Amino acid sequence: MKITVNRKKDFILIISVLLLAVALLGIQKAYGNSGNTVTVTVNHKIYGTFSLDQDKTIQIKNEYGMNIVRIQNHEVWMEEADCPDGYCMEQGHISHSHQTLVCLPHKLVVEISNDSENETSEEIDIVSN
C-alpha cells in the first residue's frame with residue numbers, strides 16, 4: 001500500500017494549528033482571570049491576606065521553618081525558604097486566580113484569588129521594601 005503525502009497541505013495545516021494555539025494563548029494572557037488577593041495559609045490556617053496591588057515582602061517564621069514570600073508588580077513568588085528541597089522557590093512567579101505556590105515541608109500554601117478583602121495582619125512579620 002502506497003501512501004502519498006502532500007507536503008504543502010501538511011505544512012499549511014501545521015502552521016494553522018500553531019497560529020491558532022498562539023492566538024488562544026495570547027487571548028488567555030490578555031483577558032485571563034487576574035487575581036487581586038494573595039492568601040497565605042500555614043497548616044490549613046490563614047496566616048494573612050494581602051493585596052496583589054501592593055508590593056510587599058512577607059517573612060513567615062513558625063515551627064515548620066522560614067519562608068519569604070515576595071509580592072511585586074502584581075506577581076507573587078517564594079523568594080527564600082529553608083526547607084530541605086527548595087522546590088517551592090523553583091515554582092516561579094504566579095499572577096492569576098487559583099494559581100498556588102506550595103512548600104510541603106513547611107505546610108505553607110500561597111494562593112491568588114479574586115477576593116475583594118484587603119490585607120489583614122495577624123501574626124505577620126512584614127519586611128519593608
Side-chain angles (χ1 to χ4, degrees):
M1 183 183 311
K2 186 176 180 182
I3 299 175
T4 58
V5 178
N6 187 339
R7 292 182 190 253
K8 185 176 181 180
K9 287 183 181 178
D10 289 344
F11 181 75
I12 291 172
L13 178 64
I14 291 169
I15 295 298
S16 299
V17 169
L18 288 174
L19 287 174
L20 179 63
V22 168
L24 290 174
L25 184 63
I27 289 170
Q28 179 186 9
K29 193 78 164 165
Y31 298 105
N33 196 7
S34 293
N36 59 10
T37 303
V38 178
T39 303
V40 178
T41 58
V42 178
N43 200 18
H44 305 288
K45 295 178 183 171
I46 295 179
Y47 185 84
T49 304
F50 307 91
S51 172
L52 197 56
D53 297 330
Q54 295 178 341
D55 294 352
K56 293 206 179 312
T57 300
I58 307 154
Q59 187 172 17
I60 302 155
K61 292 181 183 178
N62 55 38
E63 68 267 23
Y64 305 113
M66 188 276 302
N67 294 75
I68 296 178
V69 177
R70 180 87 170 165
I71 302 172
Q72 187 174 3
N73 298 327
H74 300 279
E75 293 184 328
V76 182
W77 66 93
M78 194 73 63
E79 188 169 75
E80 191 176 324
D82 63 0
C83 53
D85 59 7
Y87 178 68
C88 57
M89 293 181 290
E90 297 173 9
Q91 294 176 31
H93 296 210
I94 61 173
S95 59
H96 295 317
S97 286
H98 306 295
Q99 287 184 314
T100 58
L101 299 170
V102 179
C103 182
L104 285 177
H106 295 168
K107 301 181 182 188
L108 174 77
V109 177
V110 178
E111 182 176 13
I112 296 180
S113 63
N114 272 329
D115 297 338
S116 60
E117 300 173 17
N118 289 331
E119 178 180 329
T120 61
S121 58
E122 55 183 80
E123 299 182 73
I124 298 172
D125 181 18
I126 300 175
V127 178
S128 60
N129 293 336

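Values below: every heavy atom of this structure, side chains too, minus hydrogens, waters and symmetry copies. Because the structure is predicted, anything quoted here is derived from the model rather than measured.
Other residues sharing a hydrophobic cluster with Leu13 under the 4.5 Å side-chain heavy-atom criterion for ILVMFWY residues are Val17. Grouped with Trp77 in a hydrophobic cluster is no other residue, since no side-chain heavy-atom contact under 4.5 Å to another Ile, Leu, Val, Met, Phe, Trp or Tyr is found.
Distance CD1/Ile14 to CG/Asp10: 6.0 Å, rounded to 0.5 Å. Taken to the nearest 0.5 Å, the CG atom of Asp55 stands 5.0 Å off from the CD atom of Gln72. Going from atom OH of Tyr47 over to atom CD1 of Ile60 covers 5.5 Å, rounded to the nearest 0.5 Å. To the nearest 0.5 angstrom, Ser95 atom OG is 12.5 Å from Ile71 atom CD1.
Partners of Ile15 under the side chain to side chain contact (heavy atoms under 4.5 Å, CB included) rule, at least two apart in sequence or in another chain, are Phe11, Leu19. For Lys8, the side chain to side chain contact (heavy atoms under 4.5 Å, CB included) partners at least two apart in sequence or on another chain are Asn6, Ile12. Listed by chain and number, the residues in a side-chain hydrogen bond (donor to acceptor under 3.5 Å, both in side chains) with Glu75 are His93 (sequence neighbours excluded). Applying the side-chain hydrogen bond (donor to acceptor under 3.5 Å, both in side chains) test to Asn73 and every residue at least two apart in sequence or in another chain returns nothing. Considering only residues two or more places apart in sequence or on other chains, Glu79 meets the side-chain hydrogen bond (donor to acceptor under 3.5 Å, both in side chains) condition with none of them. With sequence neighbours left out, the side chain to side chain contact (heavy atoms under 4.5 Å, CB included) criterion links Glu80 to Met66, Ile68.
The shortest heavy-atom contact between Cys83 and Gly86 is SG-N, 3.6 Å. A pairwise comparison of heavy atoms in Leu101 and Gly92 identifies CD2-O, 3.6 Å as the closest pair.
A 4.5 Å side-chain heavy-atom check between Met78 and Val69 finds at least one atom pair inside the cut-off.
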Please table the atom pairs, donor to acceptor, closer than 3.5 Å between any side-chain atom in residues 104-111 and protein atoms at least two apart or in another chain.
residue : atom : partner : partner atom : Å
His106  : ND1  : Asn67   : OD1          : 2.6
His106  : NE2  : Tyr64   : O            : 3.2
His106  : NE2  : Asp82   : OD1          : 3.1

Determine, stepwise, if the pair Asp53 / His74 fulfils side-chain contact (heavy atoms from CB on, under 4.5 Å). CA-CA 6 Å; Asp53 297 330; His74 300 279; 2.8 Å; yes

